[in-house]
Protein chains: 2
Amino acid sequence: MTPQFPLETRYWYLRDHQLFRHLNSAELRQICLITNFKSAKKSEIIYFAHDETNRVYLLKKGVIKIVELDAEGNETVKEVIQKGDLFGQITLDATDMDEFAVALSDYVTVCSFKIEDFETVIQQNPSLAVKFTKLIGLRFRRLENRYSNLMFKDVRTRLLLFLEEWAEKEGTPTPEGITLKNYLTHQDLASLICSTRQTVTQLFSELKHSGLIDYNRSSIVIPDVKQLRKLTA
Amino acid sequence: MTPQFPLETRYWYLRDHQLFRHLNSAELRQICLITNFKSAKKSEIIYFAHDETNRVYLLKKGVIKIVELDAEGNETVKEVIQKGDLFGQITLDATDMDEFAVALSDYVTVCSFKIEDFETVIQQNPSLAVKFTKLIGLRFRRLENRYSNLMFKDVRTRLLLFLEEWAEKEGTPTPEGITLKNYLTHQDLASLICSTRQTVTQLFSELKHSGLIDYNRSSIVIPDVKQLRKLTA
DNA sequence: GTCGGAATGTCGGCTTGCTGACGTTTCTGG
DNA sequence: CCAGAAACGTCAGCAAGCCGACATTCCGAC
């Protein structure tokens, strides 16, 4: 199966997640049996939706991006997935999507389940069912929020909101301000906030010149997040 | 409770929905007890999210629109809800939203559940849990689709796609072509496809002059849906 | 190191579709 | 049936931000 992950580790991996935390060890062991584990290094592709279809994934460690291919073969970054988030066929339907996932952090680990297996497990653990449903609900709200930003806010505001959220999630405080490890290119950012590479670059230099942020290729520093917040209210 | 709905009717109402169809009569009767029934006439407001919060609704009969209020008090139509669809706190969380629902068809009927009650029911009926999760998943995909349209398609295409979908869902074939009972104003349409009233009106007259559609205030006729499809590919 | 490709920086032109403005038509409640 | 409101029709002006183009900087593989 997955020899680099001894049973003990795998058991512990699942237990650590909020979805499974409340289960007893017999239930957990059962889920362990249907779980596939996998890891990858930076820039490696974790999965291709097209061939490894019909699986729900759970990001155990690291950060990844989901890239979507349209009919013309253009790649757009759909989403950044953080530790603990679900991805793949999270709607439990079998519609195939043209997307793949790329590791952004040095080392990532994912677990996955066939959707049929996962459904069976849910049937047997109603409390897990509720937890899962609520997780999907959260994702739904997140998407609703993005949609509404796209409707009502201009590109500048969307970028600022993205930075704020990013800072909140992953920022580490330093003497210079909140620091972000930057694993996204301007192109990536552009497709996440629905804009273009040039516009993002433009806005970034503007923000730098006005002193709101500082950045280079590998990191972004926000001296005062409150200043940003003022511009998005 | 709701005297205009005898128990027998209410029982049958629930049974008719795909979520509950597979349940036995004891289970159904139990759900009946926690269900609230309500009906309304055209233009009446079904619910205000702000005061009747924490409920999941299910549209039993008719068509309604969900209108969202932003901070400045502007109204935007978020969604059109059809018979059988869920609305309200479908994510089962308690975040309050500023939205309300208005009846678009002459007569609408809804059932609703407190989210806590609904959760309990789900816990007791794992198969219902899976069905519910999949329904939310479907809604998730629908929203994803709207988001991607907003990213990649211009207003004209979004309008055409909307019309196609509408025709597919509710169109009735007539000698002149597929006919739609039009319960949406141009303003409504505009906010649904994320545009403005004037642009929608403009596009409508263009489409009329080019013979792709015909319309008046109460109905829309699409002589040849295939013609529309050609323009959205 | 160095070479090639990827990422960033910058700019001007141009298009979409938004904004405001105003007139006409249709609906609705009294 | 009538008045007022709501919805529809149309147009000119304008701005956000996309697009193409090109230069520069950086990074990683060899």
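Quick note on labels: first sequence line is chain A, next is B, and so on, each numbered from 1.
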Does anything in residues 207-225 of chain A form a salt bridge (charged side-chain N to carboxylate O under 4.0 Å, His left out)? List the pairs, not counting sequence neighbours. none
Residue pairs passing the ring pair (Phe, Tyr, Trp, His ring centres under 6.0 Å) test with at least one member in residues 71-99 of chain A, sequence neighbours excluded, are Tyr47(A)-Phe87(A), Tyr57(A)-Phe87(A)
All pairs passing salt bridge (charged side-chain N to carboxylate O under 4.0 Å, His left out) where residues 62-74 of chain B contributes a residue, at least two apart: Lys65(B)-Asp188(B), Glu68(B)-Lys78(B)
Close approaches to DNA chain C from residues 182-191 of chain A, in residue order (heavy atom, under 4.0 Å): Thr185(A), His186(A)
Under 30°, 30 to 60°, or over 60°: which ring-plane class applies to Tyr13(A) and Phe37(A), parallel, tilted or perpendicular? tilted
Is the count of non-hydrogen atoms from other residues, nucleotides or ligands lying under 6.0 Å from Lys169(A) atom NZ greater than 12? yes
Atom pair distance, as rounded to whole Å: CG in Leu150(B) and P in dG17(D): 13 Å
Write down the atom of Val63(B), the atom of Ser105(B), and the distance for their closest heavy-atom approach. N-OG, 2.8 Å
Check side chain to side chain contact (heavy atoms under 4.5 Å, CB included) between Asn54(A) and all other residues, then give those that pass, not counting sequence neighbours. Ala94(A), Ile115(A), Glu116(A)
From CG of Leu203(B) across to C1' of dT16(C) the rounded distance in Å is 11 Å
Atom pairs under 3.5 Å, N or O on each side, protein against nucleotides 17-23 of chain C: can you list them with distances?
{"unit_1": "dG17(C)", "atom_1": "OP1", "unit_2": "Val155(B)", "atom_2": "N", "d": "2.9"}
{"unit_1": "dC18(C)", "atom_1": "OP2", "unit_2": "Ser195(B)", "atom_2": "OG", "d": "2.8"}
{"unit_1": "dC18(C)", "atom_1": "OP2", "unit_2": "Thr196(B)", "atom_2": "N", "d": "3.3"}
{"unit_1": "dC18(C)", "atom_1": "OP2", "unit_2": "Thr196(B)", "atom_2": "OG1", "d": "3.0"}
{"unit_1": "dC18(C)", "atom_1": "OP2", "unit_2": "Thr199(B)", "atom_2": "OG1", "d": "2.9"}
{"unit_1": "dG20(C)", "atom_1": "N7", "unit_2": "Gln198(B)", "atom_2": "NE2", "d": "3.1"}

Salt bridge (charged side-chain N to carboxylate O under 4.0 Å, His left out) pairs touching residues 145-157 of chain A, sequence neighbours excluded, are Arg156(A)-Glu206(A)
For the residue pair Gln89(A) and Asp96(A), what are the closest heavy atoms and their distance? NE2-CA, 4.2 Å
Residues passing the side chain to side chain contact (heavy atoms under 4.5 Å, CB included) test with Gln18(A), sequence neighbours excluded, are Arg21(A), Leu135(A)
Separation of dG13(D) C1' from Gln202(B) CD (nearest whole Å): 15 Å
What's the CZ-P distance between Phe152(B) and dC18(D), to the nearest Å? 12 Å
Could you check which residues of residues 204-220 of chain A get a heavy atom under 4.0 Å from DNA chain C? Sort them by number, please. Ser205(A), Tyr215(A), Arg217(A)
Got a sec: does the NZ of Lys114(B) have more than 12 other heavy atoms crowding it under 6.0 Å? no
With sequence neighbours left out, what residues match Tyr215(A) under ring pair (Phe, Tyr, Trp, His ring centres under 6.0 Å)? Phe204(A)
Can you sort out the partners of Phe162(B) under ring pair (Phe, Tyr, Trp, His ring centres under 6.0 Å), two or more places apart, ordered by chain and number? Trp166(B)
To the nearest 10°, give me the bend of the helix from dG1(C)-dC30(D) to dG30(C)-dC1(D), comparing the axes of its five terminal pairs at either end. 60°
